[in-house]
Engineer: 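Starting off with a structure, shown below.
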Amino acid sequence: MDTAEQTPTLNRPDRFQRAGNTFRAYLSLTKPRVVELLLVVTAPTMILAERGIPSLWLVLATLIGGAFSAGSAGAFNCYLDRDIDRLMNRTQGRPLVTGELSDRQALVFAWVLGAVSIAWLWIFTNWVAALLSLGAILLYVVFYTMILKRRTAQNIVWGGVAGCMPVLIGWAAVTGDLSWPPFILFLIIFLWTPPHYWPLSMKYRDDYQAAGVPMLAVVRGRAQVGLQVILYAWATVACSLLLIPIANMGIVYSVVAIASGAWFIYETHRLYNLTIRHEHVSPMRVFHGSIAYLTLVFVAVGVDPLLPF
């Protein structure tokens with residue numbers, strides 16, 4: 001009798017642990033680090049659109065809808081790329097590789113999360129933001145994952161369009177339409193994506209080569225990749241400065257855009273110089289630096305409109 005009474009108690013932690021593991025597996029499908037980065041650019045864009053603090057409920061609703069949208073795209077990507085994920089060391093821990101989730105579970109989750117994101121944004125923001133969310137999912141899943149990724153070294157350039165959509169969604173959620181400032185923000189992220197991602201592909205070149213994915217680092221030498229990173233970094237910073245006259249940005253944004261841009265460009269030149277001298281290269285320094293750069297620029301985008309100068 002005592003043993004029978006104790007059994008449920010002993011099994012309860014196991015059930016909780018399994019539920020926790022399943023939750024973490026589903027969360028992993030959404031690529032939460034990518035979602036976090038996309039949300040970082042959304043809120044400041046909404047502040048710029050409002051030229052002040054928008055309704056906090058509107059900001060929260062937009063961020064939730066954006067997180068669902070990006071998470072759906074990430075889950076579809078994990079499902080479609082499950083074959084090459086099994087070949088790369090970097091992705092060995094993904095739930096469809098480890099078997100924590102079945103292919104069917106991942107696909108159903110991706111569809112449901114995508115549908116919820118569109119309905120959520122339509123109900124709580126407006127139809128423009130909802131349609132832009134649908135466009136972002138289609139661009140990432142169909143245009144990038146299904147068409148470009150395994151066919152061309154320019155995959156991340158044009159496939160990166162999907163990652164630019166959150167600024168359009170955020171702007172549309174506030175204004176109900178689009179104008180020049182969000183398109184400049186869109187271009188900043190578009191031009192930033194290659195110098196952000198190509199250093200990562202340099203580090204994991206062997207992984208991509210084993211999986212047959214023609215990332216630039218696989219089909220070109222390190223020096224060529226380094227040069228392309230420099231060119232895109234210069235273009236990114238130049239585009240960030242266009243926002244000053246177009247959106248009437250103030251001194252805070254101007255200083256941050258120039259100073260952080262100079263640092264970002266310096267880091268890309270450093271990577272290239274080490275590469276051509278055949279010295280030890282740390283491409284992840286540029287990868288992480290690019291995240292810091294974009295974060296600083298968009299923090300400035302959100303702070304600048306709140307200041308009287």
Side-chain angles (χ1 to χ4, degrees), residues 23 26-27 30-75 112-137 140 162-189 192 240 243-244 246-257 260 291-309:
F23 173 79
Y26 277 113
L27 182 64
T30 68
K31 300 187 177 181
R33 290 184 179 179
V34 176
V35 173
E36 179 184 355
L37 184 61
L38 295 178
L39 297 183
V40 163
V41 305
T42 304
T45 300
M46 297 180 72
I47 295 173
L48 180 61
E50 183 71 24
R51 284 289 172 178
I53 301 295
S55 159
L56 294 182
W57 164 246
L58 179 63
V59 174
L60 181 62
T62 306
L63 294 180
I64 291 173
F68 287 169
S69 176
S72 170
V112 170
L113 200 58
V116 169
S117 74
I118 297 164
W120 177 277
L121 289 170
W122 196 298
I123 294 169
F124 295 112
T125 62
N126 55 58
W127 66 270
V128 179
L131 290 183
L132 287 170
S133 173
L134 173 61
I137 295 172
Y140 189 73
C164 309
M165 297 297 284
V167 295
L168 301 186
I169 294 170
W171 188 279
V174 173
T175 66
D177 58 20
L178 297 172
S179 56
W180 279 112
F183 283 111
I184 297 299
L185 296 173
F186 179 100
L187 284 174
I188 291 172
I189 302 173
W192 166 88
S240 73
L243 193 66
I244 298 172
I246 289 176
N248 194 29
M249 305 302 289
I251 187 67
V252 170
Y253 175 82
S254 301
V255 170
V256 171
S260 61
I291 297 174
Y293 163 75
L294 193 71
T295 301
L296 287 171
V297 167
F298 272 87
V299 167
V301 166
V303 170
D304 197 273
L306 304 179
L307 301 175
F309 50 84

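These values consider heavy atoms only, across backbone and side chains, with no hydrogens, waters or symmetry-generated copies.
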Engineer: If I take atom CG from residue L185 and atom CD1 from residue I246, how far apart are they, to the nearest 0.5 angstrom?
Structural biologist: 10.0 Å
Engineer: Does W122 have any ring-ring contact (aromatic ring centres under 6.0 Å, His included) partners at least two apart in sequence or in another chain, and if so, which?
Structural biologist: none
Engineer: Side-chain contact, heavy-atom cut-off 4.5 Å: I291 with R33?
Structural biologist: no
Engineer: Quick check: do V301 and L243 have side-chain heavy atoms less than 4.5 Å from each other?
Structural biologist: yes
Engineer: Among residues at least two apart in sequence or on other chains, which ones pass ring-ring contact (aromatic ring centres under 6.0 Å, His included) with F68?
Structural biologist: none
Engineer: Decide yes or no for I169 and T42: does some side-chain heavy atom of the first lie under 4.5 Å from some side-chain heavy atom of the second?
Structural biologist: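 The answer is no; the side chains never approach within 4.5 Å.
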Engineer: In the structure I gave you, are the side-chain heavy atoms of T62 and P54 within less than 4.5 Å of one another anywhere?
Structural biologist: no
Engineer: Tell me whether L56 at atom CG has more than 12 heavy atoms from other residues, nucleotides or ligands lying less than 6.0 Å away.
Structural biologist: no
Engineer: Might you point out which heavy atoms bring L113 and G71 nearest each other, and give the distance in Å?
Structural biologist: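 Smallest heavy-atom distance, with atoms named: CD2-C, 3.6 Å.
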Engineer: Taking side chain as C-beta onward, heavy atoms only, is I47 less than 4.5 Å from L306?
Structural biologist: yes
Engineer: Side-chain contact test, heavy atoms from C-beta onward, threshold under 4.5 Å: evaluate it for V297 versus Y253 and give yes or no.
Structural biologist: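 A side-chain contact exists here, since the closest heavy-atom pair is under 4.5 Å.
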Engineer: About how many Å separate CG of L37 and OG1 of T295, when rounded to the nearest 0.5 Å?
Structural biologist: 6.0 Å
